[in-house]
Peer 1: 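Take a look at the following structure, please.
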Amino acid sequence: MLKRKKFWFAILAIIPTFAIFGWVRMYPIIETLRLSMYQWNLLSKDKIFVGLANFAELFGDDQFLDALTNTAIIAFGAMVITIPTSMALAGVIYHRTRSRFAGFYETAVFIPHVVSLVPAAMAWKWIFDAKLGPLNAIIVSLGGEAQAWLFDPVLSVVCIILLVSWQTLGYAVLIYLVGFRNLPKSVFEAARLDGANGVQSFLYMSVPLLKPITLYVSVVTLISGFNVYAQAYVLASDTQGAPGRLVRVLVLDMLENSFQNFRVGYAAAEAVILLLIVLVLTTVQFGLLRQKGGN
């Protein structure tokens, strides 16, 4: 009887949480899936059912394909930079845990992750400024040629990748630090007795043992990269100041189609494509982790 009461108490306790989650998370997803099959201009009550026509139009839309390509380049570029950099930083910080500055190192690395996006992007926009930015000043002082970082489509993508990497680095370092602290110390002691130095232990012991952490960080970084918006909106402005024109990304394209072009169904179809990308990445992560566990 007591067990039954505890069971029903637990059920009643979690119902409000599930209700809020369903309303805040699941309902918008279901509504987006529904709207993706309609033509709706946001101002009218009438919604015209068009089936999969929005999706068929998407893959013939050069603007959407350009946004999808740019977003994928940014996401994978940020992942390529973030993973090795965060792993190396986490390794250095881990071996400095006995230092009195250990807490400062961790805080300094993690701060970019919690800084508000827009102020951070504005600071980076000043860094990349063609005339007044310190980056070009350093390049010129070293005998190089100043670059129009934010006025070239290719260089703008590079700038956004660097900004996204800088922002995701702190979280990745934190996760890797947890991984380092849970590695078996006996294995490294045995390697040290066999004559392995610090670099060899890192490359041949730490990196393979941290594969599950690397898989998790890679997927989280990719998902963050595919949701890039504010970085492109602030950095990639053209000479007339129109935001995001040089580097169009998927979320920006969705917002413009929804609230400027009043094509809500079309934008919902774009959101569904983004959702599918995230689901595929997550599925790949769990598949690789399961394979790793099976081996």
Side-chain angles (χ1 to χ4, degrees), residues 25-80 121 150-161 163-164 218-285 287:
R25 291 288 187 180
M26 299 307 299
Y27 174 74
I29 293 175
I30 295 171
E31 183 66 9
T32 300
L33 291 171
R34 188 181 71 86
L35 284 176
S36 67
M37 298 186 181
Y38 286 83
Q39 182 180 338
W40 182 38
N41 66 3
L42 189 65
L43 302 177
S44 173
K45 293 182 179 180
D46 298 327
K47 298 182 181 71
I48 303 172
F49 181 78
V50 294
L52 299 177
N54 286 326
F55 294 94
E57 185 179 351
L58 273 179
F59 291 98
D61 185 352
D62 292 336
Q63 187 166 277
F64 167 76
L65 295 176
D66 183 52
L68 184 60
T69 302
N70 287 335
T71 305
I73 291 172
I74 292 168
F76 283 96
M79 183 190 70
V80 168
L150 301 178
F151 295 93
D152 180 272
V154 176
L155 292 178
S156 294
V157 171
V158 174
C159 293
I160 295 172
I161 290 173
L163 176 52
V164 173
S218 65
V219 173
V220 170
T221 306
L222 280 175
I223 292 174
S224 178
F226 272 101
N227 283 280
V228 64
Y229 164 65
Q231 298 91 333
Y233 189 90
V234 175
L235 287 185
S237 303
D238 62 14
T239 53
Q240 285 76 38
R245 298 298 182 183
L246 282 179
V247 182
R248 177 167 291 276
V249 292
L250 198 53
V251 176
L252 177 62
D253 199 56
M254 288 162 45
L255 292 174
E256 284 197 0
N257 280 319
S258 293
F259 301 110
Q260 291 186 16
N261 302 330
F262 300 108
R263 303 185 66 192
V264 178
Y266 191 75
E270 291 182 287
V272 171
I273 297 297
L274 180 59
L275 174 64
L276 291 176
I277 291 172
V278 172
L279 287 176
V280 169
L281 292 174
T282 305
T283 303
V284 169
Q285 177 205 19

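Fair warning: this is a prediction, and the values are worked out from it, not measured in the lab.
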Peer 1: What are the two closest non-hydrogen atoms of Thr71 and Ala67, and how far apart are they?
Peer 2: OG1-O, 2.7 Å

Peer 1: Show every salt bridge (Lys or Arg N to Asp or Glu O under 4.0 Å) that has at least one partner inside residues 25-44, sequence neighbours left out.
Peer 2: Glu31-Arg34

Peer 1: Could you walk me through whether Met37 and Leu52 satisfy the side chain to side chain contact (heavy atoms under 4.5 Å, CB included) test, starting with their C-alpha distance in whole Å, then the side-chain angles of each, then the deciding distance to 0.1 Å, before giving a yes or no?
Peer 2: CA-CA 6 Å; Met37 298 186 181; Leu52 299 177; 4.2 Å; yes

Peer 1: Just jot down the side-chain hydrogen bond (donor to acceptor under 3.5 Å, both in side chains) partners of Asp152, sequence neighbours excluded, or say none.
Peer 2: none

Peer 1: Test: salt bridge (Lys or Arg N to Asp or Glu O under 4.0 Å). Region: residues 40-49. Which pairs qualify, not counting sequence neighbours?
Peer 2: none

Peer 1: Spell out, as yes or no, whether a donor-acceptor pair under 3.5 Å connects the side chain of Asn70 to the backbone of Val247.
Peer 2: no

Peer 1: Can you name the residues that form a side-chain contact (heavy atoms from CB on, under 4.5 Å) with Ser258, not counting sequence neighbours?
Peer 2: Ala267

Peer 1: Does Leu58 reach the side chain of Asn54, with side-chain heavy atoms less than 4.5 Å apart?
Peer 2: no

Peer 1: For Thr69, enumerate each residue passing the side-chain contact (heavy atoms from CB on, under 4.5 Å) test, keeping only those at least two apart in sequence or located in another chain.
Peer 2: Ile73

Peer 1: Under the side-chain contact (heavy atoms from CB on, under 4.5 Å) test, which residues partner Ala271, sequence neighbours left out?
Peer 2: Thr32, Met254

Peer 1: Quick one: does Val264's side chain get under 4.5 Å of Leu35's, heavy atoms only?
Peer 2: yes

Peer 1: Quick one, Leu68 with Ile277, criterion side chain to side chain contact (heavy atoms under 4.5 Å, CB included). Give me CA distance, side-chain angles, the key distance, then yes/no.
Peer 2: CA-CA 11 Å; Leu68 184 60; Ile277 291 172; 3.7 Å; yes

Peer 1: Per the ring pair (Phe, Tyr, Trp, His ring centres under 6.0 Å) rule, what does the pair list look like for residues 30-57, sequence neighbours excluded?
Peer 2: Tyr38-Phe49

Peer 1: Phe226: what forms a ring-ring contact (aromatic ring centres under 6.0 Å, His included) with it, not counting sequence neighbours?
Peer 2: none

Peer 1: Which heavy atom of Gly77 sits nearest a heavy atom of Ile161, and at what distance?
Peer 2: C-CG2, 3.7 Å

Peer 1: To the nearest 0.5 Å, what is the distance between CG (Leu255) and CG (Asn261)?
Peer 2: 11.5 Å

Peer 1: To the nearest 0.5 Å, how far apart are CZ in Phe76 and CG in Leu222?
Peer 2: 5.0 Å

Peer 1: For residues Leu65 and Phe59, report the shortest heavy-atom separation together with the two atoms involved.
Peer 2: CD1-O, 3.8 Å

Peer 1: Between Leu163 and Val228, is any pair of side-chain heavy atoms under 4.5 Å apart?
Peer 2: no

Peer 1: Any ring pair (Phe, Tyr, Trp, His ring centres under 6.0 Å) pairs touching residues 250-281, not counting sequence neighbours?
Peer 2: none

Peer 1: Quick check for you: to the nearest 0.5 Å, what is the distance between Ile74 atom CD1 and Ile160 atom CD1?
Peer 2: 4.5 Å

Peer 1: Taking side-chain contact (heavy atoms from CB on, under 4.5 Å) as the test, write out the residues that go with Ile30, two or more places apart.
Peer 2: none

Peer 1: Please identify each residue that fulfils ring-ring contact (aromatic ring centres under 6.0 Å, His included) with Tyr27, with sequence neighbours left out.
Peer 2: Trp23

Peer 1: What verdict does the salt bridge (Lys or Arg N to Asp or Glu O under 4.0 Å) test give for Arg248 and Asp253, after you've listed the backbone C-alpha separation in whole Å, the side-chain angles of each residue and the deciding distance to 0.1 Å?
Peer 2: CA-CA 7 Å; Arg248 177 167 291 276; Asp253 199 56; 2.8 Å; yes

Peer 1: Is there any salt bridge (Lys or Arg N to Asp or Glu O under 4.0 Å) pair reaching into residues 52-63, and which pairs are they, with sequence neighbours excluded?
Peer 2: Glu57-Arg263

Peer 1: How long is the span from the CD1 atom in Ile223 to the OG atom in Ser218, to the nearest 0.5 Å?
Peer 2: 9.5 Å

Peer 1: What's the verdict on side chain to side chain contact (heavy atoms under 4.5 Å, CB included) for Leu274 and Asn227, showing C-alpha distance, side-chain angles and the deciding distance?
Peer 2: CA-CA 8 Å; Leu274 180 59; Asn227 283 280; 3.9 Å; yes

Peer 1: How long is the straight-line distance from CD of Gln63 back to CG of Asn257, given to the nearest 0.5 Å?
Peer 2: 7.0 Å

